[in-house]
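For reference, the structure is listed below as C-alpha cells.
Per chain, numbering begins at 1; letters A, B, ... match sequence-line order. Scope of the values below: all heavy atoms of this structure, side chains included, with no hydrogens, waters or symmetry mates.
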There are 2 protein chains.
Amino acid sequence: MTTFDQMLTQNHTYAAQHTPRPGPAPVRRLALVTCMDARIDPVAAFGLAEGDAHILRNAGASITDDVLRSLAISQRRLGTAQIAIVLHTGCGMDGFDDEAFRAELNDAGGRQPTWDVPGFTDLDDQARRAVEAVRSCQWLPHRDDVQGYEFDVATGRLR
Amino acid sequence: MTTFDQMLTQNHTYAAQHTPRPGPAPVRRLALVTCMDARIDPVAAFGLAEGDAHILRNAGASITDDVLRSLAISQRRLGTAQIAIVLHTGCGMDGFDDEAFRAELNDAGGRQPTWDVPGFTDLDDQARRAVEAVRSCQWLPHRDDVQGYEFDVATGRLR
C-alpha cells in the first residue's frame, strides 16, 4: 500500500471516532511555532489536545515573514495571545549553509530564491533570537507571553 | 496552572516513555503541508507516527516561499520524495481579504508586510492551485508524487 493510501485508510478509522470542535479559535489561546522535523509530535510531546493551539511549522522553526504573517492572523483573527517557540537538538538548520543552498536552488532553475534564512550554530542563542524576533514584531498585538523552548530529540524532554 | 506550565508538566510524562528515533530522515519519505488550524492533528487524523514525515504548517496551507524553502530542504537534505497538501473546510483563509489585512498591519507599525498571500473562495480550486504550485517548482527534485487533500473539520474525513 502506498503512503497516500495508508493515510486515507487510517483516516477512516480516525473519522469514525471524530468529535467536531465548536469553532476555529484555539481553546488555550496559544500559537506554537516549531520545526517540521519528523521526530516532533507537538500534540503528544507537549500535551496539547485537538483544538488547543495553532501549530506553525517550517524548516528550523525559523521566524520568517510567513510565520509572522500566520501569527498575526492567529492573534488578530482567531484570538490567540500566547506564543511558544520550540527549537530542537539535532536540527538540520544547525550548521546549515543557506548561501550555498540558495546557489544550489538557483542552479536548479526556476525563480531565484528570495529569502535570507541562515542556519545557526548555537541553539540557545538561536532560541533567544527567535523569541526576540517575535517580541519586536509590531504586527502582533500580544507579545508579553512569548516563551522559547528546546526539545531534546534523544530524551523527549522540553526545557 | 498556566499553559506554559502545563506544557512542561505534560512533557515530563511524555519524556518518561520516549523512544528516540534513529535519525532526522522521515521514514515514509513524506512531507505534509497543512494549515495551522487547531482542529487538525496530522499524526492522529492521517495515521502518521513520530518519525514518519516532515510536517509544515502555516495559515491556510499556503504554498509560500517559506514552504517551498522548507520542502527543498526536506527533499535535498533529508530524502523526502512525496508531498501531501491538506487544506480544510472552515479555513480562516476562505474569504480572507489579504489586502485589507496588510493595510491593517501597516497601520500597526513596524516593517511593511512584504507578502502576497491572498485568501480563496473555492476550496477545490485552491487545492488544485496548491498542488500546481508545488509541481511547477523547479527547486524540488521530486514532483511526481504530489497529492492534494481536503480535511473536513466537521466529520474528520480526508478526501
Of A:Pro20, A:Gly47, A:Ala38, the largest count of non-hydrogen pairs under 4.5 angstrom with chain B goes to A:Ala38
Problem - Test item: A:Arg159 and B:Asn11 side chains (from C-beta on) under 4.5 Å apart, heavy atoms - result: no
Whatever's closer than 4.5 Å to a heavy atom in chain A on B:Arg102 counts as neither
Passes salt bridge (charged side-chain N to carboxylate O under 4.0 Å, His left out), B:Glu104 versus A:Arg77? Steps please. CA-CA 12 Å; B:Glu104 182 180 324; A:Arg77 294 292 183 274; 2.8 Å; yes
Result for side-chain contact (heavy atoms from CB on, under 4.5 Å) between A:Leu68 and one of A:Ile63, A:Leu56, A:Ile73, A:Val33 points to A:Ile63
Let me see the working for B:Val146 and B:Ile85 under side-chain contact (heavy atoms from CB on, under 4.5 Å), right down to the final yes or no. CA-CA 8 Å; B:Val146 182; B:Ile85 305 170; 4.2 Å; yes
In terms of heavy-atom pairs under 4.5 Å with chain B, the winner among A:Cys91, A:Pro26, A:Gly92, A:Gly109 is A:Gly109
### Query
Mind checking whether B:Phe151 and B:Leu87 have side chains closer than 4.5 Å, heavy atoms only?
no
Applying a strict 4.5 Å limit to non-hydrogen atoms, the region of B:Val43 in contact with chain A is side chain
Most heavy-atom pairs under 4.5 Å with chain B, out of A:Ala31, A:Ala25, A:Ala72, belong to A:Ala72
Honestly, the part of B:Ala53 sitting under 4.5 Å from a heavy atom of chain A is backbone
Most heavy-atom pairs under 4.5 Å with chain B, out of A:Arg76, A:Gln6, A:His12, belong to A:Arg76
Salt bridge (charged side-chain N to carboxylate O under 4.0 Å, His left out) between B:Glu50 and B:Arg21: does it pass, once the steps are laid out?
CA-CA 8 Å; B:Glu50 255 177 53; B:Arg21 308 286 321 179; over 6 Å; no
Whatever's closer than 4.5 Å to a heavy atom in chain B on A:Leu30 counts as side chain
The interface call for B:Trp115 against chain A, heavy-atom contacts under 4.5 Å, is side chain
If one checks every heavy atom of B:Ser74 against chain A at 4.5 Å, the contacting part turns out to be both
Under 6.0 Å between the ring centres of A:Phe46 and B:Tyr14? no
Closest heavy-atom pair, B:Arg57 versus B:Ile40, reported as atoms and distance to 0.1 Å, is NH2-O, 3.1 Å
Ranked by heavy-atom pairs below 4.5 Å to chain A, first place among B:Gln17, B:Met36, B:His18 goes to B:Met36
Honestly, the part of B:Leu140 sitting under 4.5 Å from a heavy atom of chain A is neither
When the 4.5 angstrom heavy-atom criterion is applied to B:Thr64 and chain A, the contacting part is side chain
Checked B:Pro141, B:Pro42, B:Gly23 vs chain A; the most non-hydrogen pairs under 4.5 Å come from B:Gly23
Among A:Ala44, A:Cys35, A:Gly90, the residue with the most heavy-atom pairs under 4.5 Å to chain B is A:Ala44
When the 4.5 angstrom heavy-atom criterion is applied to B:Arg157 and chain A, the contacting part is both
* To do: Please test A:Thr89 against A:Glu150 for side-chain contact (heavy atoms from CB on, under 4.5 Å), starting from the C-alpha separation and ending with a verdict.
  => CA-CA 7 Å; A:Thr89 60; A:Glu150 294 172 19; 5.7 Å; no
Ranking B:Val117, B:Thr114, B:Asp52 by heavy-atom pairs under 4.5 Å to chain A gives rank one to B:Val117
What one should report as the nearest heavy-atom pair of A:Arg69 and B:Met93 is NH1-CE, 3.8 Å
Heaviest contributor of heavy-atom pairs below 4.5 Å to chain B, chosen from A:Gln10, A:Arg39, A:Gln138, is A:Arg39
When the 4.5 angstrom heavy-atom criterion is applied to A:Asp145 and chain B, the contacting part is both
Whatever's closer than 4.5 Å to a heavy atom in chain A on B:Asp37 counts as both
Inspect the surroundings of CG in B:Asp125 and state if more than 12 heavy atoms from other residues, nucleotides or ligands are less than 6.0 Å away. yes
Salt bridge check, B:Asp65 against A:Arg111: does any charged N sit closer than 4.0 Å to a carboxylate O? yes
query = Step by step, would you call B:Thr80 with B:His54 a side-chain contact (heavy atoms from CB on, under 4.5 Å)?
reply = CA-CA 8 Å; B:Thr80 66; B:His54 281 146; 3.8 Å; yes
Bottom line for B:Leu158: the part with an atom under 4.5 Å from chain A's heavy atoms is both
So, the part of A:Leu32 with a heavy atom under 4.5 Å from chain B: the answer is side chain
